[in-house]
> 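My questions will all concern the structure given below.
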There are 2 protein chains.
Amino acid sequence: MATGRTHRPATRSRGIPEATVARLPLYLRALTALSERSVPTVSSEELAAAAGVNSAKLRKDFSYLGSYGTRGVGYDVEYLVYQISRELGLTQDWPVVIVGIGNLGAALAGYGGFASRGFRVAALIDADPAMTGKPVAGIPVQHSDDLEKIIAEDGVSIGVIATPAGVAQAVCDRLVAAGVTSILNFAPTVLSVPDGVDVRKVDLSIELQILAFHEQRKAGEEPGEDAAPQAAAPAAPPAARTTAQGGRKGPDGDVPAVMPA
Amino acid sequence: MATGRTHRPATRSRGIPEATVARLPLYLRALTALSERSVPTVSSEELAAAAGVNSAKLRKDFSYLGSYGTRGVGYDVEYLVYQISRELGLTQDWPVVIVGIGNLGAALAGYGGFASRGFRVAALIDADPAMTGKPVAGIPVQHSDDLEKIIAEDGVSIGVIATPAGVAQAVCDRLVAAGVTSILNFAPTVLSVPDGVDVRKVDLSIELQILAFHEQRKAGEEPGEDAAPQAAAPAAPPAARTTAQGGRKGPDGDVPAVMPA
DNA sequence: GGTTGTGAACCGGTTCACAGCG
DNA sequence: CGCTGTGAACCGGTTCACAACC
């Protein structure tokens with residue numbers, strides 16, 4: 001989530017927890033698969049397994065949508081597919097623009113999951129004049145000069161930013177000014193937007209770093225093998241750290257005398 | 001589930017909250033930018049703004065790492081960069097394999113943020129023999145037959161899956177069997193892995209659906225009443241389902257074909 | 001003065017366990 | 001019976017606000 005608050009004006013009626021909303025697409029995917037196999041009903045247990053969550057959580061999630069199940073039986077697959085789709089707003093068509101048609105943008109344009117589920121790539125936009133007119137994934141790239149016009153004409157409210165980090169904020173500002181109120185950001189930058197605009201980010205490098213953290217810990221936990229290869233440190237002790245870490249240090253003493261040098 | 005206990009074996013000492021870990025990369029990025037501008041110190045307030053969080057949260061996060069700040073002054077940028085890097089395990093080199101060199105895989109291979117920060121693309125792997133040997137982002141693609149060998153030889157512990165959903169689980173299984181213990185999954189599937197293996201997923205379509213949910217709500221909030229447009233509803237209420245169980249829905253059930261798939 | 005570090009209150013979300021119902 | 005729906009306990013994380021310290 002980005003800056004400011006946008007949510008819940010005390011509207012307790014439509015109050016679906018954010019965590020639940022984030023899982024609905026997961027349930028929907030599992031249900032769609034069941035639907036394709038013509039499975040008529042599922043129990044919370046089965047569906048939960050397919051979605052990779054536990055059944056209590058799933059039932060609680062569904063309870064926010066209403067009582068769509070049948071005790072002793074389970075959930076009607078088709079019915080639930082429809083209810084979740086509607087709740088997520090997928091019964092309507094969402095035109096989306098992708099800005100920045102580099103490797104990533106091109107990959108996104110061709111991504112299958114994009115076209116499905118009510119999302120439609122309304123336009124591909126790039127600042128490079130050499131790209132203009134070139135079809136990518138069957139859609140001709142348009143020049144960013146026309147960004148505002150494109151958004152207005154197609155009534156686009158969702159924008160995907162796949163530009164270099166350096167221009168992401170500028171692109172974001174233009175998108176927002178043109179009327180976009182939801183942004184999916186692939187650029188490694190923190191975007192700031194006015195209230196009422198939602199931003200979600202997808203950041204490869206952050207994900208990898210989180211994995212590295214756990215990976216490192218796994219290595220350190222193993223028997224004998226001691227962690228912390230402790231590479232050469234960029235020598236940068238805290239300015240006036242002279243008097244030692246007298247008081248508290250960390251959760252538990254951290255490494256002895258943090259001194260890199 | 002052998003021990004039921006998975007990760008975090010009562011990690012009392014090194015107990016950094018998961019939410020904090022997820023933010024460290026963000027702080028690191030902001031700090032790196034400051035470092036490049038030769039800024040010597042930052043206050044929690046400034047750094048928090050740059051990272052898009054609030055300062056209390058940032059200070060609390062840092063408190064889990066240790067007392068690395070100076071009261072009345074702030075944090076030493078270089079020192080903090082080092083400490084966070086070390087905490088995240090970025091002071092060592094992490095060889096990574098990318099499996100599935102389609103549009104997305106190729107984009108990832110060339111992604112800048114990948115190479116930086118201690119991650120190194122050790123190999124690109126694809127099942128298509130026509131791809132074998134072809135250089136992508138300067139790295140020759142290898143055939144998936146050699147997956148196990150590649151992982152063993154390079155000591156790869158992090159794998160990125162960018163294959164079609166249909167083969168993602170199979171690829172995952174092979175990666176894990178070969179010794180990979182952290183997986184970043186771009187395929188729209190729930191992967192199941194044994195205990196001790198971490199999986200993080202990046203799912204474009206889920207992100208879009210979450211945005212659509214909020215977008216829909218924004219549209220509905222404007223007027224005083226929240227009566228949804230309500231498209232043609234499917235006849236499948238749970239109540240009347242008493243005996244209808246046997247008569248299955250069959251091919252085009254009664255629900256509007258909301259999605260292609 | 002300024003800013004960190006942190007106990008304590010608070011809040012959202014998860015899990016438990018069982019009542020309710022088919 | 002079996003399975004859903006949900007109140008209540010629980011837990012992790014966020015925010016508050018202030019004491020500790022430079």
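Chain identifiers are assigned alphabetically (A, B, ...) following the order of the sequence lines, protein sequences preceding nucleic acid strands; residue numbering begins at 1 within each chain.
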> Mind listing the residues from residues 26-41 of chain B sitting with a heavy atom below 4.0 Å of DNA chain C? Number order is fine.
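Those residues whose heavy atoms fall under 4.0 Å from DNA chain C, taken from residues 26-41 of chain B, amount to none.
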> Taking N or O atoms only and anything under 3.5 Å, show me the protein contacts with nucleotides 8-13 of chain D, one pair per line.
from, atom 1, to, atom 2, distance (Å)
D:dG13, OP1, B:A19, N, 3.4

> Partners of A:T189 by side chain to side chain donor-acceptor pair (under 3.5 Å), sequence neighbours excluded?
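A:T189 satisfies side chain to side chain donor-acceptor pair (under 3.5 Å) with no other residue.
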> Let me check the geometry of the helix from C:dG1-D:dC22 to C:dG22-D:dC1. What is the bend angle between the axes at its two ends, five pairs each, to 10°?
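Computed angle between terminal axes is 0°.
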> Quick test of your reading: applying ring-ring contact (aromatic ring centres under 6.0 Å, His included), list the pairs with at least one residue in residues 33-60 of chain B, sequence neighbours left out, ordered by first then second residue.
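For residues 33-60 of chain B, and leaving out neighbouring residues, there are no ring-ring contact (aromatic ring centres under 6.0 Å, His included) pairs at all.
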> Check side chain to side chain donor-acceptor pair (under 3.5 Å) between B:T41 and all other residues, then give those that pass, not counting sequence neighbours.
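Scan of B:T41 (side chain to side chain donor-acceptor pair (under 3.5 Å), adjacent residues dropped) gives none.
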> Could you state the CG-P distance from B:D61 to C:dG5, rounded to the nearest angstrom?
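Taking atom P of C:dG5 as the reference, CG of B:D61 is at 12 Å.
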> Holding to side chain to side chain donor-acceptor pair (under 3.5 Å), I want the full list of residues that pass it with A:D173, two or more places apart in sequence or in another chain.
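For A:D173, the residues satisfying side chain to side chain donor-acceptor pair (under 3.5 Å) (neighbours in sequence not counted) are A:Q169.
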> For B:R71, give me all partners under salt bridge (Lys or Arg N to Asp or Glu O under 4.0 Å), at least two apart in sequence or on another chain.
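Partners of B:R71 under the salt bridge (Lys or Arg N to Asp or Glu O under 4.0 Å) test: none.
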> Does a distance-only test, which skips hydrogens and angles, find a donor-acceptor pair under 3.5 Å between the side chain of B:R71 and the base of C:dT3?
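Under the 3.5 Å cut-off, the side chain and the base do not form any donor-acceptor pair.
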> May I ask you to verify if any side-chain N or O of A:S44 is less than 4.0 angstrom from the OP1 or OP2 atom of D:dT4?
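Affirmative; the distance criterion is met.
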> Which pairs pass ring-ring contact (aromatic ring centres under 6.0 Å, His included) with one or both residues in residues 18-59 of chain A, sequence neighbours excluded?
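Counting only pairs at least two positions apart or across chains, the ring-ring contact (aromatic ring centres under 6.0 Å, His included) contacts touching residues 18-59 of chain A are A:Y27-A:F62.
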> Using atom types as modelled and distance alone, determine if a side-chain donor or acceptor of A:W94 lies under 3.5 Å from a backbone N or O of B:L211.
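Not confirmed, A:W94 side chain does not pair with B:L211 backbone.
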> Distance alone, cut at 3.5 Å: any donor-acceptor contact between the side chains of A:D61 and A:T20?
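Note: A:D61 and A:T20 side chains meet the donor-acceptor criterion.
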> Kindly write out the residues that satisfy side chain to side chain donor-acceptor pair (under 3.5 Å) with B:S192, not counting sequence neighbours, or none if the list is empty.
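With sequence neighbours excluded, B:S192 shows a side chain to side chain donor-acceptor pair (under 3.5 Å) to no residue whatsoever.
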> Reckon A:F62 touches a base, only the sugar-phosphate, or nothing at all at heavy-atom distances under 4.0 Å?
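Nothing, no nucleic acid heavy atom in range.
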> Please list, chain by chain and in numerical order, all residues satisfying salt bridge (Lys or Arg N to Asp or Glu O under 4.0 Å) with A:R59, sequence neighbours excluded.
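So A:R59 forms no salt bridge (Lys or Arg N to Asp or Glu O under 4.0 Å) with any residue.
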> Between C:dT3 and B:Y68, is there an OP1 or OP2 to side-chain N/O distance shorter than 4.0 Å?
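Negative; the distance criterion is not met.
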> Can you tell me which residue pairs pass the salt bridge (charged side-chain N to carboxylate O under 4.0 Å, His left out) test with a partner in residues 201-216 of chain B, sequence neighbours excluded?
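Counting only pairs at least two positions apart or across chains, the salt bridge (charged side-chain N to carboxylate O under 4.0 Å, His left out) contacts touching residues 201-216 of chain B are A:R29-B:D203, A:R200-B:E207, B:E215-B:K218.
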